[in-house]
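Since this is a predicted model, take the numbers as computed values, not measurements.
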Amino acid sequence: AAWLAAARARGLRTSELWRAVDGALPIERSAYGTPWDGATPLILGGERRGWAPAAWGWEFWARRYGDSLVLSKQRAPIFDDDLGAAPLMAETSLREYIAYARAPADETAPLLYMNGWDVFNAHPELWSDGLDQLPGSIDNRSASEYAVLSAQFGQSDLAASRVRQLMKLFVGPRGAITRMHQDNHRAHAWLCNLRGHKLYVVAAPEQSERVGPTGRGSEHGGTTRGCRLDPLDGASRRGVVLHAAVLAPGETLVLPEGWWHYAASLTPSITLMCNFWDGANIDGLRDCFCDVTGAPSTRRAAPPSPTRSA
């Protein structure tokens with residue numbers, strides 16, 4: 001709240017608030033359908049026809065799925081060294097949480113963030129094939145590779161639910177924060193702002209020794225690096241090179257594997273996130289599959305699937 005008030009005092013518009021992250025570089029922007037290079041962050045915007053989640057706003061969730069039970073947390077993500085600290089969590093109906101997220105902020109109360117709801121397994125009727133794609137921009141091979149691996153290990157009946165689980169819904173009030181972290185198993189990610197404005201601050205994996213100097217990184221499967229860097233606090237940045245942007249409703253940030261990322265809701269917000277793998281990092285999906293299913297580690301190096309280019 002203090003950082004946002006100071007940024008506003010500088011006369012910055014909402015779309016320009018990323019400039020208040022001192023020294024941060026801008027993130028490149030382009031239109032939906034622009035091919036992504038797979039190596040640098042990219043923000044996609046503009047018209048996106050026929051994508052159902054674009055219509056999934058506050059009233060959609062409250063009216064149709066308001067009775068669903070959801071979990072909100074005081075810290076997100078929860079790092080290994082948080083486990084003994086018993087971070088505050090609350091279970092409510094989605095309708096109750098949305099009312100909380102949209103209400104005027106109470107600066108004296110703990111802030112709770114509904115992050116990572118497995119919405120498509122809770123409500124499979126919302127899923128449709130291709131929902132996890134960004135046509136023309138990414139080559140998301142997660143579904144096809146999961147199908148191959150599931151068949152190989154006799155678990156084809158579970159493939160669809162595992163693909164759906166890669167997409168999560170995040171809902172938060174103004175001030176909700178996702179702490180700086182890496183995603184597991186070398187996964188890429190895209191994050192689409194369905195409603196509200198959100199600040200994203202990211203750092204390249206080459207910055208890892210400054211951002212999260214201890215623990216395993218994304219390249220080793222499940223990351224255990226518990227980053228304590230606050231990108232809004234210049235004194236804690238330790239010379240890290242940061243990139244930043246504000247996402248408006250309908251815009252999507254695409255992040256390569258291993259990139260550190262932080263998010264702060266500048267207004268009440270709804271975000272749809274998807275982890276995915278393409279030809280460059282598909283081995284990470286195979287590691288993920290083995291970790292989730294307990295498939296023998298000696299069979300992690302699965303033979304190339306028909307979906308993988310030579």
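Here Leu25 is tied into one hydrophobic group with Val241, each link being a pair of ILVMFWY side chains closer than 4.5 Å.
Closest approach of Pro268 to Ala101, counting heavy atoms only: CG-O, 3.4 Å. Minimum interatomic distance between Tyr97 and Val70 (heavy atoms only, all atoms of both residues): CB-CG2, 4.2 Å. Of all non-hydrogen atoms in Pro26 and His243, the two that sit nearest each other are O-ND1, 3.9 Å. Taking each heavy atom of Ile270 and Gly57 in turn, the nearest pair found is CD1-C, 4.0 Å. The shortest heavy-atom contact between Ser208 and Gln182 is OG-NE2, 3.7 Å. Closest non-hydrogen pair, Met167 versus Asp118, comes out as O-OD1, 4.4 Å.
Residues Ile98 and Leu69 fall into different hydrophobic clusters, defined by Ile, Leu, Val, Met, Phe, Trp and Tyr side chains chained together at heavy-atom separations under 4.5 Å. Cluster annotation: Phe60 is connected to Leu169 through the hydrophobic network of ILVMFWY side chains, with a link wherever side-chain heavy atoms come within less than 4.5 Å.
Using a 30° and 60° split on the angle between ring planes, His181 and His261 fall in the tilted class, from 30° to 60°. Ring geometry, Phe276 versus His188: the interplanar angle falls from 30° to 60°, so the pair is classed tilted. Trp56 and Trp61 have perpendicular rings, their planes meeting at more than 60° on a 0 to 90° scale where under 30° would count as parallel. A perpendicular orientation is assigned to the rings of Trp117 and His123, their planes being inclined by more than 60° (bins at 30° and 60°). Using the six-membered ring where Trp is involved, Trp190 and Trp51 have ring planes that are perpendicular, over 60° apart on the 30 and 60° scheme.
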Audit row: Met114, Phe170, side chain to side chain contact (heavy atoms under 4.5 Å, CB included) steps and yes/no:
CA-CA 6 Å; Met114 195 196 101; Phe170 294 69; over 6 Å; no
Please evaluate residues Tyr113 and Thr178 with respect to the criterion side chain to side chain contact (heavy atoms under 4.5 Å, CB included), reporting the C-alpha separation (whole Å), side-chain torsions for both, the decisive distance (0.1 Å), and the verdict.
CA-CA 9 Å; Tyr113 185 21; Thr178 300; 3.1 Å; yes
Please determine whether salt bridge (Lys or Arg N to Asp or Glu O under 4.0 Å) holds for the pair Arg162 and Asp291, giving the CA-CA distance in whole Å, both sets of side-chain angles, and the decisive distance to 0.1 Å.
CA-CA 12 Å; Arg162 289 183 180 130; Asp291 283 350; over 6 Å; no
Set out, in order, the CA-CA distance, both residues' side-chain angles and the distance that settles side chain to side chain contact (heavy atoms under 4.5 Å, CB included) for Tyr262 and Asp230, then state yes or no.
CA-CA 9 Å; Tyr262 166 102; Asp230 180 355; 4.2 Å; yes
One pair to check against side chain to side chain contact (heavy atoms under 4.5 Å, CB included): Arg179 and Arg75. What are the steps and the verdict?
CA-CA 8 Å; Arg179 297 189 288 181; Arg75 300 185 192 128; 3.8 Å; yes
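The backbone N or O of Ser142 sits nowhere less than 3.5 Å from a side-chain atom of Glu145 that would complete a donor-acceptor pair. The main-chain N or O of Arg95 is never found under 3.5 Å from a side-chain atom of Tyr65 such that the two would form a donor-acceptor pair. Proximity of a side-chain donor or acceptor of Ser150 to a complementary backbone N or O of Tyr146 within less than 3.5 Å is detected. The main-chain N or O of His197 is found under 3.5 Å from a side-chain atom of Thr267 such that the two form a donor-acceptor pair. Looking at Ser137, its side chain does come within 3.5 Å of a backbone N or O of Gly33 through a donor-acceptor pair. No side-chain donor-acceptor contact under 3.5 Å links Trp127 to the backbone of Leu131. With Glu251 contributing its side chain and Ala248 its backbone, the two residues share a donor-acceptor pair below 3.5 Å. Remark: the backbone N or O of Ser269 is not paired with any side-chain donor or acceptor of Arg195 at under 3.5 angstrom.
The distance from atom NZ of Lys168 to atom OG1 of Thr271, rounded to the nearest 0.5 Å, is 14.0 Å. From Leu17, atom CG reaches atom NZ of Lys198 across 15.0 Å, with rounding to the nearest 0.5 Å. Of the inter-residue distances, the one linking Leu247 atom CG with Asn193 atom CG reads 5.0 Å to the nearest 0.5 angstrom. We find the CZ-OG1 distance between Arg29 and Thr34 to be 13.0 Å, quoted to the nearest 0.5 Å. Note that OH of Tyr32 and CG of Leu134 are 7.0 Å apart. Values are rounded to the nearest 0.5 Å. One finds the CG atom of Leu194 at 10.5 Å from the CG atom of Leu191 (value rounded to the nearest 0.5 Å).
For the side-chain contact (heavy atoms from CB on, under 4.5 Å) test with Asp132, the passing option among Asn275, Ile138, Asn140 is Asn140; the others fail.
Within the 4.5 Å cutoff, side-chain heavy atoms of Leu266 are placed close to those of Leu4. Within the 4.5 Å cutoff, the side chain of Leu42 has heavy atoms near those of the Ser30 side chain. At least one side-chain heavy atom of Tyr100 sits less than 4.5 Å from a side-chain heavy atom of Leu111. The side-chain heavy atoms of Leu149 and Arg286, taken from C-beta on, include a pair separated by under 4.5 Å. Within the 4.5 Å cutoff, side-chain heavy atoms of Val21 are placed close to those of Trp3. When side chains are defined from C-beta on, Trp260 does not count as touching Val202, because their heavy atoms never get closer than 4.5 Å. Side-chain contact between Asp283 and Trp277 is absent, with no heavy atoms from C-beta onward closer than 4.5 Å. Inter-residue side-chain proximity for Leu272 and Phe120 is flagged as met; some heavy-atom pair is nearer than 4.5 Å.
With no hydrogens or angles considered, no side-chain donor-acceptor pair links Asn121 and Ser161 at under 3.5 Å.
Between Glu59 and Arg63 there is a salt bridge, since at least one side-chain N of the basic residue sits less than 4.0 Å from a carboxylate O of the acidic one. Salt bridge status for Lys73 with Glu91: absent, with no side-chain N to carboxylate O gap under 4.0 Å.
Around CG of Asp129, the count of heavy atoms belonging to other residues, nucleotides or ligands within 6.0 Å does not exceed 12.
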